[in-house]
Amino acid sequence: MKTVKLFWFYLKQFSFWQVFLFAILFLATAVRLFLFFGVEKSLWLDEAALALNILDKNFLELFKPLQYAQSAPPLFLVLTKALVSFFGASERALRFIPFLCSVISVFAFWLLVKEVFKKNNFICLVSLLIFSLNMPLLYNTIEFKPYAADVLFTILTAYIWLKYLSFEISLKKEICFGVLLLVFPLFSFGSVFPLFAVLILSLFKKRVIFVSLLTLGLIIEYLFVFSKISVGTKVYEYWIPYFINYNPDKILFIFSEIIKYLFYPSTFVLLGFILFITGCVYLFKRNKKAFGFFGLTILGGFLASFFNFYPLYERLSLFLYPILLIIVLYPLYCVLNEKTGIKKVLIYLISWIIIFSSIGYNFSDKNIYKREEIKPLLFAVQKKFKQGDRIFVFKGAHLTYKYYAKTAFKDTLGGLTDNSFVCPYNMTAEICANKIEPFCGTAKNHGNSCYIIYSNEGGHYLHNIKLLKETVTKLDGKMLLKDKASLLYMVD
């Protein structure tokens, strides 16, 4: 009883808005902790590819081109390599940096919205709640990819501009902020675009030394790091379909796809677009500092995509989320204190439809809990596996198997030995299927079993399965496990 009274006494010391803020921050952190510690999911193809680079390369080599068509900011990789060196190559060690960035981004976003929405506690807290529960951001909280870092460093750059650099400050502070901002791209490729906005806006402020420092620093980083980081990795070739590629007609399509990915189901994209335009108009009228920064950041991303430097596609556009969220909520902020009228009613209606549809849509997506699950297949093999058995990994699971064969299942399944065949990604399904029969036949001839693993890197559909099934049928194989994205066969 005394504990309850003591708790109530301290609770009364805070205002309603402060209690609400603490509740949101607690919820946001708790959800992320649950995802990090409570959700067990295998690395999928791209994560495994990046993880293999962490395992196979030393610290300096992470500043050079990566294997398996991968590209990632070097300091993001170096920090992860340090964690893996201390704590071992587990999923959580690999995903810790994105998790940490996601948690910090919630607190950083609160500072940012307070700068934009000033003293309006209601709209600040609504913004924070939506941001905290955004599904793409939550999903990338437990992905070994740098997209959560993109969000964090975009927020930090926006906050530094609006809080400090948009005002007159000393040359010493300008240089300190310039050096700090130049570190951001080494952690996050997406931070280049808000940095572009800072650079352009600083030109208008005639900050010669600051602009020169940023420009020279970015040129040096490009020449010695970024120009070399994707050489020979085929990253560019993979993303060609997702560039705007000098096609103005594609701009609206790309923007609508970004809105759908970051916010709403497709039925509400038009409403989101209306709020975005309205928000831009209100920002231009009432907060030109924020309008200039947000507008140039978005423009920088679209120009990079237009000229084939950066593909604005789904997770690669995640860095735009905090900016777009503020813009689409800005009309609601502006009309909160206006007298009743048709404009206020319409903005209220559209804003709340977007808010509730966004949160509801997020939690209807169960993909966050499970993507590619090769580990259950490997556990099933592990239970039956005996010396001399063979494992054939069909196209689609090649890199995930390589990673787990080097780490979690190294001792029990023997790692990458002659008893396993990993079908390369660039090998056609037909050639891959044709190799199964002689490979498994060798095992049968020696009285051993052969396990055939198929796990689709995309997560939803089983591609190229017909050839695989035909081969397994010829060998009188039986199915051990099946779900929507993976299969495990056993041939005795």
Side-chain angles (χ1 to χ4, degrees), residues 20-21 23-36 39 95 98-113 116-117 123-143 145-156 158-159 188 190 194 255-269 271-273 275-276 279 294 297-298 301 312-330 332-333 351-369 371:
F20 198 15
L21 170 61
I24 294 174
L25 293 176
F26 175 81
L27 173 65
T29 306
V31 168
R32 284 158 174 77
L33 284 169
F34 165 74
L35 292 174
F36 185 69
V39 174
R95 291 166 174 163
F99 160 73
L100 186 63
C101 286
S102 183
V103 172
I104 296 174
S105 68
V106 174
F107 294 84
F109 187 71
W110 171 248
L111 297 177
L112 177 59
V113 292
V116 178
F117 297 128
I123 197 67
C124 285
L125 290 169
V126 167
S127 304
L128 183 64
L129 180 63
I130 298 171
F131 178 87
S132 301
L133 300 178
N134 175 260
M135 183 55 68
L137 183 53
L138 288 177
Y139 181 80
N140 284 283
T141 295
I142 49 172
E143 281 274 286
K145 301 293 283 185
Y147 307 123
D150 291 344
V151 173
L152 173 61
F153 286 102
T154 296
I155 294 170
L156 292 177
Y159 179 72
S188 157
F255 186 77
S256 65
E257 289 298 303
I258 291 172
I259 293 292
K260 281 192 288 186
Y261 174 71
L262 295 178
F263 291 98
Y264 330 110
S266 57
T267 49
F268 293 116
V269 168
L271 294 180
F273 186 75
L275 274 187
F276 172 78
F294 295 159
T297 300
I298 295 170
L312 280 177
Y313 175 76
E314 290 194 348
R315 58 192 184 273
L316 289 166
S317 67
L318 193 61
F319 74 94
L320 288 174
Y321 176 64
I323 289 175
L324 293 175
L325 178 60
I326 290 174
I327 292 175
V328 299
L329 289 178
Y330 202 78
L332 182 61
Y333 162 72
S351 296
W352 286 110
I353 289 174
I354 293 301
I355 288 169
F356 285 117
S357 68
S358 180
I359 294 176
Y361 177 57
N362 285 343
F363 282 97
S364 68
D365 186 352
K366 297 179 181 178
N367 194 42
I368 190 170
Y369 301 111
R371 189 161 179 169

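As a basis for the values below, the full set of heavy atoms in this structure was taken, side chains included, without hydrogen atoms, waters or symmetry mates.
For the atom pair OG1 (T29) and CZ (F34), the distance works out to 15.0 Å, reported to the nearest 0.5 Å. Residue T141 holds its OG1 atom at 6.5 Å from CG of L35, rounded to the nearest 0.5 Å. Note: L138 CG to S102 OG = 6.5 Å, rounded to the nearest 0.5 Å. The OG atom of S317 sits 6.5 Å away from the OH atom of Y261 when rounded to the nearest 0.5 Å. Atom CD1 of I327 sits about 5.0 Å away from atom CZ of F276, to the nearest 0.5 Å. For the atom pair Y147 OH and L318 CG, the distance stands at 9.5 Å (nearest 0.5 Å).
The ring-ring contact (aromatic ring centres under 6.0 Å, His included) test applied to F36 returns F99, not counting sequence neighbours.
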Stepwise side chain to side chain contact (heavy atoms under 4.5 Å, CB included) test for L128 and L25: CA-CA 8 Å; L128 183 64; L25 293 176; 4.0 Å; yes
Worked verdict on S188 versus F319 for side chain to side chain contact (heavy atoms under 4.5 Å, CB included): CA-CA 9 Å; S188 157; F319 74 94; over 6 Å; no
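A 4.5 Å side-chain heavy-atom check between L27 and L133 finds at least one atom pair inside the cut-off. A 4.5 Å side-chain heavy-atom check between I326 and L112 finds at least one atom pair inside the cut-off. Counting heavy atoms from C-beta outward, L324 and I298 have side chains that approach closer than 4.5 Å. Looking at V113 and L329, their side chains never come closer than 4.5 Å, going by heavy atoms from C-beta outward.
Taking every heavy atom of both residues into account, Y330 and G279 meet most closely at CD2-O, 4.2 Å. Annotation for N140 and A148: closest pair O-CB, 3.8 Å, computed over non-hydrogen atoms. Residue G272 comes nearest to V328 through the heavy atom pair O-CG1, 4.1 Å, listed as atom of the first residue, atom of the second, then distance. Here the closest heavy-atom approach between residue N134 and residue P136 is recorded as OD1-CD, 3.1 Å. Scanning both residues, V151 and L137, for their nearest heavy atoms gives CG2-CD1, 4.0 Å. T154 approaches G190 most closely through the heavy-atom pair OG1-O, 4.3 Å.
Relative orientation of the F131 and F109 rings is parallel, given thresholds of 30° and 60° on the angle between their planes.
At least one donor-acceptor pair closer than 3.5 Å links the side chain of R32 to the backbone N or O of S132.
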